[in-house]
Amino acid sequence: MSLIEPRTLKGFRDFLPAKMVQREKLMETAKRVYRRYGFLPIDTPALEYLEILTGKGSEETDRQMYHFVDAGGRAVGMRFDLTVPLARFAAQHINELGTPFKRYHIAPVWRGENPQDGRFREFVQCDFDTIGTTGVVSDIETALVIHELLLEIGIDQFRIRINNRQILSGLLESLDLKDKSTSVLRALDKLDKVGPEGVGKELAQAGISSEQSDKIFQFAGVQGTHDEVLSKLSSMLRSSELASQGIERLSIVAGALRAAGVPASRFEIDVSIARGLDYYTGIIFETTLLELPRIGSVCSGGRYDNLAGLFTKQQLPGIGASLGLDRLLAALEKLDRFQESPRAADVFIPLFDPDRMNDYFALAALVRSVGISAEVYPEPKKLGQQLKYADQRGFLVALIAGARELDQGLVQIKDLRTQTATEVAWKNNSEGFLAALASILGLQNMLSQSN
RNA sequence: GAGGUAGUAGCUCAGUUGGUUAGAGCGUCGGAUUGUGGCUCCGAAGGUCGGGGGUUCGAGCCCCCUCUAUCUCCCCA
């Protein structure tokens, strides 16, 4: 009979332990930072009624959504992001939750687009959002979380680019281009990718007059310190109430970030970023790695004051951002920031004498009882081969005991890094044995802490 | 979805103008007189040359299709 070729779907991937350990580490970092700011975890189904998911992001997102009719005849879709499910979740449960409600959600999402470097059809997002407040405090907090998150992951060469949709809307209003907003924003968004000429061409194609185009470039070309940018924008868009509000809010955010100790170089007011998702209404964020700008934004989001309005008459404004775990990981890999291969456990116990298996399990249980990880080798191979395995997998210590040692209640603690071994009694001396082991592992403090 | 580039062992690659049984390094597994690893030496396994079709006496090499990766458009984490 012919074999089935083992393979995975385009844009979908397997993860081997070395990579999965990195992913888990990243997720743990995200959780830790989110919880530090008072966000709590939730989860929602991968599958939703199609009507819940469609028409919320943009036409493009609808096109990229995986959807099908289930066995019960229901039109269902796989979630495209975690924000739209949150909107449904909030509309459904907000009476039990109360506001403001802060949650984080780390889970896979699916997009049927063409895979590229750092872009997959299945990938994990680490979202955090605040529902139920329009206060500028949550705008500021969102920026602070993004900043702290990246630092804690171990990245310092990054920049958070900030804009406000109200400013863009104000600009478009003042230029009488409201009906062409999508194409204008889309063109503007590509500024640092295709340059001014490219954007100019695209604007011309969209039927934008050269006077309007000039004003757009004048607007996008504003540079300087945060305060300079804001005051220039403010004089340019004085006539627009909407834009002025947006500028005022950005100025509060910028001041707060400085006060919180965020270096000015880490964030930038960039009026060219627009973001494709239609639901954003206020501040928007995009985070790029300075060493690898081409991979795109690794953490972005913004304020969406009307999202839950599609599901409830209650006013449920929100703001949040999402760390693209898989994209960030692809970037870290590209930058060669992967740490050494992971160690399964600290302590290795060779199956030296198969007749003494029970002793090895007793030893392993003793070691694990104080939180030190231990692995018993599953096959009675020659000791040299077992140690070779231990060496290759990076174990720190081996506990070697044959009949000779076991008969005397002893075990050899061998430091695999220095190749030095000491014999210690372990039967009726678990404290002394564990202390010796901990000291070799360099964990003296850990034992006293756990006791 | 459209276009450009690529696809040879687990990994990185070699493979002459199409010409017999497709190679190397690393990795994996085994061994070097039966209780102690990282070095060395020896050996083995592992490839329908991404898949399918075609041209030819003969295809890893040429042509078409397809799949996958990567890039651009598009969009985004």
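Naming: A, B, ... by sequence-line order, numbering from 1 per chain.
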| message | Just to be sure I understand the rule, does A:Asp326 reach a base, reach only the sugar-phosphate, or reach nothing, if contact means heavy atoms closer than 4.0 Å? | response | nothing
| field | Nearest-Å distance once atom C1' is located in both B:G60 and B:G23 | value | 12 Å
| Once the angle between the rings of A:Tyr377 and A:Tyr389 is folded into 0 to 90°, is it parallel (under 30°), tilted (30 to 60°) or perpendicular (over 60°)? | perpendicular
| Charged N-O contact under 4.0 Å between A:Lys427 and A:Asp359 | yes
| Base-pairing mate for B:C49 - Watson-Crick or G-U, with both contacts under 3.5 Å | none
| request: May I ask you to verify if any side-chain N or O of A:Gln392 is less than 4.0 angstrom from the OP1 or OP2 atom of B:G27? | output: no
| query | In the structure shown, which nucleotide is the Watson-Crick or G-U wobble counterpart of B:G7, with both distances under 3.5 Å? | reply | B:C67
| message | Give me the distance, rounded to whole Å, that separates B:G15 from B:A9 when you measure between the P atoms they each carry. | response | 15 Å
| query | Hey, is A:Glu148 close enough to A:Arg36 for a salt bridge, meaning N to O under 4.0 Å? | reply | yes
| field | Distance, rounded to the nearest Å, where A:Gln64 contributes CD and B:C74 contributes C1' | value | 9 Å
| request: Take atom NZ of A:Lys414 and atom P of B:G35, then tell me their distance rounded to the nearest Å. | output: 14 Å
| task | Determine the interatomic distance between C1' on B:G25 and the same-named atom on B:G19; round to the nearest Å. | result | 28 Å
| query | Side chain of A:Gln419, base of B:U36: donor and acceptor closer than 3.5 Å? | reply | no
| B:G38 C1' sits how many Å from A:Leu416 CG, rounded? | 10 Å
| request: Counting Watson-Crick and G-U wobble pairs only, both distances under 3.5 Å, name the nucleotide matched with B:C74, or none. | output: none
| Is it true that a side-chain atom of A:Ser373 and a backbone atom of A:Asp346 form a donor plus acceptor pair closer than 3.5 Å? | yes
| said: Please report the distance, rounded to the nearest Å, between CZ in A:Arg393 and P in B:G37. | reply: 18 Å
| task | Quote, to the nearest angstrom, the C1' distance that separates B:C49 from B:A22. | result | 8 Å
| field | Minimum-distance nucleotide to A:Asp117 side chain [options: B:U70, B:A32, B:C74] | value | B:U70
| query | Would you call A:Arg121 and A:Glu113 a salt bridge, taking side-chain N to carboxylate O under 4.0 Å as the test? | reply | no
| task | Could you work out the separation of B:U20 and B:C13 based on their C1' atoms and round it to a whole Å? | result | 25 Å
| Watson-Crick/G-U partner (both atom distances under 3.5 Å) of B:G27 | none
| When the aromatic ring centroids of A:Tyr104 and A:Tyr34 are compared, is their separation below 6.0 Å? | yes
| note | Among B:G37, B:C71, B:A69, the one nearest any side-chain atom of A:Lys10 is B:A69
| query | Between A:Gln385 and B:G31, does any side-chain N or O lie under 4.0 Å from OP1 or OP2? | reply | yes
| When you compare B:G38 with B:A24, how far apart are their C1' atoms, in angstrom units rounded to a whole number? | 25 Å
| query | Does the B:G35 base have a donor-acceptor partner in the side chain of A:Glu405 within less than 3.5 Å? | reply | yes
| Quick one: A:Arg111 CZ to B:G1 P, roughly how many Å, whole number? | 18 Å
| Which part of the nucleic acid does A:Phe352 contact within heavy-atom distance under 4.0 Å: base, sugar-phosphate only, or nothing? | base
| What's the CD-C1' distance between A:Gln386 and B:G30, to the nearest Å? | 15 Å
| task | Look at all strands and tell whether A:Gly301 reaches a base, only sugar-phosphate, or nothing, counting heavy atoms closer than 4.0 Å. | result | nothing
| said: Pairing check on B:G60: which nucleotide meets the Watson-Crick or G-U wobble criteria with it, both distances under 3.5 Å? | reply: none
| request: Assign each of A:Ser322 and A:Thr8 to its nearest nucleotide of RNA chain B by heavy atoms, then name whichever residue's nucleotide is nearer the 5' end. | output: A:Thr8
| field | Nearest-angstrom distance, C1' atom, B:G46 to B:G30 | value | 14 Å
| field | Spacing of the P atoms in B:C11 and B:G27 (rounded, Å) | value | 15 Å
| In whole Å, what is the span from the CG atom of A:Leu185 to the P atom of B:C74? | 15 Å
| Which of the following nucleotides, B:C76, B:A2, B:C71, is nearest to the side chain of A:Gln116? | B:C71
| Does the separation of the ring centres of A:Phe12 and A:Phe120 fall below 6.0 angstrom? | no
| request: Look at the side-chain N and O atoms of A:Lys381 and state whether any lies under 4.0 Å from the OP1 or OP2 oxygen of B:G30. | output: yes
| When we call it a touch if two heavy atoms are under 4.0 Å apart, what does A:Cys126 touch: a base, just sugar-phosphate, or nothing? | nothing
| task | Name the orientation class of the two ring planes belonging to A:His147 and A:Phe158 (parallel below 30°, tilted from 30 to 60°, perpendicular beyond 60°). | result | tilted
| said: Distance check needed: B:C74 C1' versus A:Leu188 CG, whole Å only. | reply: 17 Å
| Opposite nucleotide pairing with B:C39, Watson-Crick or G-U, both atom distances under 3.5 Å | none
| note | Out of B:U70, B:A2, B:U36, minimum distance to the side chain of A:Ile400 belongs to B:U36
